[in-house]
Amino acid sequence: MKTTLQQFLDTQKANHLYRARAVVDSPQAAELLIDGKSYLNFCSNDYLGHANHPKLAEAFINGVRQYGVGSGASHLISGHSRAHHELEEALAAFVGRPRALLFSTGYMANLGVISALLNKGDHVFEDRINHASLLDGGLLSQARLQRYLHADARDLLNKLGASKAQTKLVASDGVFSMDGDLAPVKALASAAQRHNAWLMIDDAHGLGVVGERGRGVLELLSITNAEVPILVGTLGKAFGTFGAFVAGNDDLIETLIQKARSYIYTTALPPAIAVATLASLRLIDDEAWRRDRLRENVRLFRELASQAKIPLSDSETAIQPVILGDVEPTLQVSHGLKQQGILVTAIRPPTVPQGTARLRITMSAEHTSAQITRLIETLHTLGVGQ
Ligand SMILES: *Cc1c(COP(=O)(O)O)cnc(C)c1O
C-alpha cells in the first residue's frame with residue numbers, strides 16, 4: 001500500500017510538477033558552481049551583483065565582529081540592536097517616508113501587514129497574479145479575499161464599488177515577480193482613494209533597480225506617499241542581503257509593532273545582516289552604474305531575442321520571462337539549457353497560471369554581452385523561437 005504522501009509525490013512526478021533543488025557551491029554571481037560544473041546563472045534575483053559584493057562582505061564581517069552572529073531574541077524582547085535601528089532609519093530615508101519596520105522575510109512582512117490591518121468582515125482586493133505571500137496574507141487575515149484581473153484598475157474599481165466592508169485594502173506587486181511588468185499604480189491609487197481603501201505595494205523587484213535612483217516603481221511612475229500609504233520592500237533581491245521592511249507613517253508602523261504576529265513572534269535578523277544592508281543602501285547611490293549596466297543588459301537581451309524570434313513578454317525590467325505555455329516543453333528547454341551549462345528555471349503552475357509555464361530569465365548587472373549572446377544562441381539551438 002502506498003501512503004498518501006507517496007501517492008502525492010508520484011502524481012507530482014507524473015505531471016512534471018516535482019520540484020528539486022540544485023546544490024550550489026559558490027557565491028551568487030553570473031556563474032555558479034554546481035556538482036563541480038560551472039553554470040551561467042540567468043535565474044537569480046541578485047540583479048545588481050550585491051550578494052557577493054566585497055563591500056557588503058566586509059560590512060557583514062565587521063557586523064559579526066561587533067554584534068556576534070545571532071540576534072538572540074525577537075525585536076520586542078532583546079533582539080533589536082542599534083544596527084537594526086539604524087537600518088530602519090536609513091530605509092525610511094531611502095524611500096522618503098517617516099518610518100520603516102524590519103521583518104525577517106518578505107513573506108512574513110506581507111503576512112504581518114495584511115493580518116494586522118484586516119479582520120473578519122473586512123475586504124482585501126489583490127491582483128490575481130500577486131506573489132503568494134500577499135495572497136496568503138489575505139487568507140490569513142480572514143478578511144474576504146477577492147482577486148481582480150491582472151493589472152486591471154477598472155475591474156478593481158468595480159469590485160471596490162460593490163463592497164460594503166468598512167475596512168478595505170488593495171494589495172499588488174509593484175513589479176510582478178514572474179512577469180516583470182509593472183502594476184498600474186496611479187490607476188490603482190485613484191481607485192483605492194475613491195473607495196477609501198488602503199493601497200499596499202510590494203516592490204520586491206523594483207526597489208534598488210527601477211527608477212533613476214533605484215527607489216522603485218513609485219519613483220518611476222511619480223507616485224506620492226499619500227497615494228500608496230503602505231510600501232513593502234525585500235532585502236534578499238537587488239539589495240543582496242536578507243530580510244524585508246514595511247515603510248509608511250508613524251501610526252502604521254506603531255500598529256504593526258503592536259499587532260503583526262509575524263513581527264512579534266519571531267527572532268530578529270542577525271544584526272550583521274543589518275550592517276551589510278546599510279552598506280548595500282549606500283552602494284545603490286554610489287554605484288548607479290550597476291543600474292545602467294542592468295538596463296543595457298536588458299536592452300541587449302531583448303534586441304537579440306527579438307532577432308532570434310524568441311517570444312518576449314511585455315517587460316522592461318530585469319525579469320524577462322519567455323512563456324512557452326505547456327509544462328513539458330518548458331522543462332525540456334530548461335534541461336537542455338542546463339546540459340549546455342546555462343541555468344534558467346522552468347516556472348510551472350501553481351506558481352504561474354495553468355497554460356503559462358515559462359522560463360523565468362533574469363538579467364543582472366554582472367552579465368557580459370558574451371554571456372547574453374550565448375544564452376540567446378543556446379535557446380535558438382534548442383528550438384525556442386522557431
Ligand atoms: C520574493 C518576494 C517576496 C518574499 O520575500 P522574501 O524575503 O524572499 O521572503 C515577497 N513579495 C514579492 C513580490 C517577492 O517577489
Side-chain angles (χ1 to χ4, degrees), residues 21 28 43-48 50-51 84 87-88 91 95 100-115 124 126-141 145 147 150-151 169-185 188 199-210 216-218 220 228 230-247 256 260-263 266-270 273-274 276-277 280-281 313 315 317-321 345 347 350-353 358 360-364:
R21 302 162 305 165
Q28 282 297 315
C43 50
S44 158
N45 299 319
D46 179 29
Y47 305 124
L48 298 175
H50 278 204
H84 293 119
L87 177 58
E88 289 183 343
L91 285 166
V95 296
L101 186 71
L102 275 176
F103 279 74
S104 292
T105 70
Y107 193 103
M108 294 167 75
N110 285 334
L111 292 192
V113 172
I114 301 175
S115 60
V124 55
E126 302 211 21
D127 191 293
R128 66 184 286 268
I129 66 165
N130 267 357
H131 190 266
S133 56
L134 285 169
L135 295 164
D136 291 356
L139 293 173
L140 183 68
S141 73
L145 168 61
R147 303 186 191 204
H150 175 51
L169 177 115
V170 176
S172 175
D173 286 21
V175 174
F176 285 91
S177 59
M178 296 299 136
D179 291 72
D181 58 333
L182 308 182
V185 183
L188 299 181
L199 176 58
M200 164 178 184
I201 295 291
D202 171 358
D203 207 12
H205 298 276
L207 285 164
V209 273
V210 170
V217 164
L218 305 190
L220 186 75
V228 178
I230 310 169
L231 174 65
V232 173
T234 68
L235 304 173
K237 288 158 184 160
F239 294 106
T241 61
F242 189 77
F245 67 97
V246 179
L256 295 177
R261 292 167 66 85
S262 61
Y263 179 77
T266 201
T267 301
L269 288 171
I273 292 283
T277 307
S280 181
L281 283 183
S313 293
S315 161
T317 64
I319 302 165
Q320 291 290 324
T345 30
I347 307 284
T351 307
V352 291
R358 67 197 64 189
R360 180 176 180 270
I361 296 172
T362 53
M363 291 290 136
S364 155

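Atoms within each ligand, like the ligands themselves, are counted from 1 in listed order. Excluded from the calculations below are hydrogen atoms, water molecules and symmetry mates; all remaining heavy atoms, backbone and side chain alike, are included.
Counting only heavy atoms from C-beta outward, the side chains of L199 and I230 never approach each other to under 4.5 Å.
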Validation: residues 170-184 side-chain donor-acceptor distances under 3.5 Å, sequence neighbours left out:
| unit_1 | atom_1 | unit_2 | atom_2 | d |
| --- | --- | --- | --- | --- |
| D173 | OD1 | H131 | N | 3.0 |
| D173 | OD2 | S177 | N | 3.3 |
| D179 | OD1 | R358 | NH1 | 3.0 |
| D179 | OD2 | R358 | NH1 | 3.1 |
| D181 | OD2 | H150 | NE2 | 2.6 |

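No side-chain donor-acceptor contact under 3.5 Å links S313 and S315. At a cut-off of 3.5 Å, with distance as the only test, a side-chain donor of N110 or D202 sits close to an acceptor on the other residue.
Contacts classified as side chain to side chain donor-acceptor pair (under 3.5 Å) and involving residues 231-246 (residues at least two apart or in different chains) are given here: T241-T277.
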Check ligand 1 against the protein and report each N/O to N/O distance under 3.5 Å, formatted as atom name, atom name, distance.
| unit_1 | atom_1 | unit_2 | atom_2 | d |
| --- | --- | --- | --- | --- |
| ligand 1 | 7 (O) | G106 | N | 2.7 |
| ligand 1 | 9 (O) | G106 | N | 3.1 |
| ligand 1 | 9 (O) | Y107 | N | 3.0 |
| ligand 1 | 11 (N) | D202 | OD2 | 2.5 |
| ligand 1 | 15 (O) | H205 | NE2 | 2.5 |
| ligand 1 | 15 (O) | K237 | NZ | 2.7 |

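F103 is linked by a ring-ring contact (aromatic ring centres under 6.0 Å, His included) to Y263, counting only residues two or more places apart in sequence or in another chain.
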